[in-house]
Asks: 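First the structure, then my questions, so here it is.
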Amino acid sequence: MNCEKFRNAGALWAIGQGLVSALVPQLSVAFVKKMIGKNFENAGDLEAKPAYVRQIRALGVGLAAAGVATLAMDRVADRTDEE
């Protein structure tokens, strides 16, 4: 089992998901409303406050940064292993 491939795939997923959340937080809001709507009535009437949208953007930036950091640390570790 090659953990490095899975770690790289997870990092790439985190970068992609983070960028989507940072650039288009309305998609995340729509997803949450849809999931809440499965179990509660009138969930479609909910509206996200501007603070919630900012929080989603901040989480997206953090997630993308974590993915980039993971890839960078793996590359540095690979270089030191080769030496």
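Residue numbers start at 1 and run along the sequence shown.
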Asks: Other than L27, what residues sit in its cluster of Ile, Leu, Val, Met, Phe, Trp and Tyr side chains whose heavy atoms are under 4.5 Å apart, directly or through others?
Replies: V20, L23, V24

Asks: Mind checking who shares a hydrophobic cluster with L71, ILVMFWY linked at side-chain heavy-atom distances under 4.5 Å?
Replies: L12, I15, L19, V68

Asks: Does L59 belong to the same Ile/Leu/Val/Met/Phe/Trp/Tyr cluster as V53, with side-chain heavy atoms less than 4.5 Å apart forming each link?
Replies: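 Different clusters.
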
Asks: Restricting to side chain to side chain contact (heavy atoms under 4.5 Å, CB included), what partner residues turn up for M73, sequence neighbours left out?
Replies: none

Asks: Please name the pair of heavy atoms, one in R57 and one in A22, separated by the smallest distance, quoted to 0.1 Å.
Replies: CG-O, 3.4 Å

Asks: If a pair satisfies side chain to side chain donor-acceptor pair (under 3.5 Å) and one of its residues is in residues 43-55, list it, with sequence neighbours excluded.
Replies: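 Applying side chain to side chain donor-acceptor pair (under 3.5 Å) to every pair that reaches into residues 43-55, excluding sequence neighbours, yields nothing.
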
Asks: According to the salt bridge (Lys or Arg N to Asp or Glu O under 4.0 Å) rule, which pairs have a member within residues 13-34, sequence neighbours left out?
Replies: none

Asks: Taking salt bridge (Lys or Arg N to Asp or Glu O under 4.0 Å) as the cut-off, I'd like each qualifying pair that reaches into residues 62-75, sequence neighbours left out, listed once.
Replies: R7-D74

Asks: Once you round to the nearest 0.5 Å, how far does OG of S21 lie from CD1 of I56?
Replies: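 Answer rounded to 0.5 Å: 6.5 Å.
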
Asks: How close do L63 and A14 get, heavy atom to heavy atom, and via which atoms?
Replies: CG-O, 3.5 Å

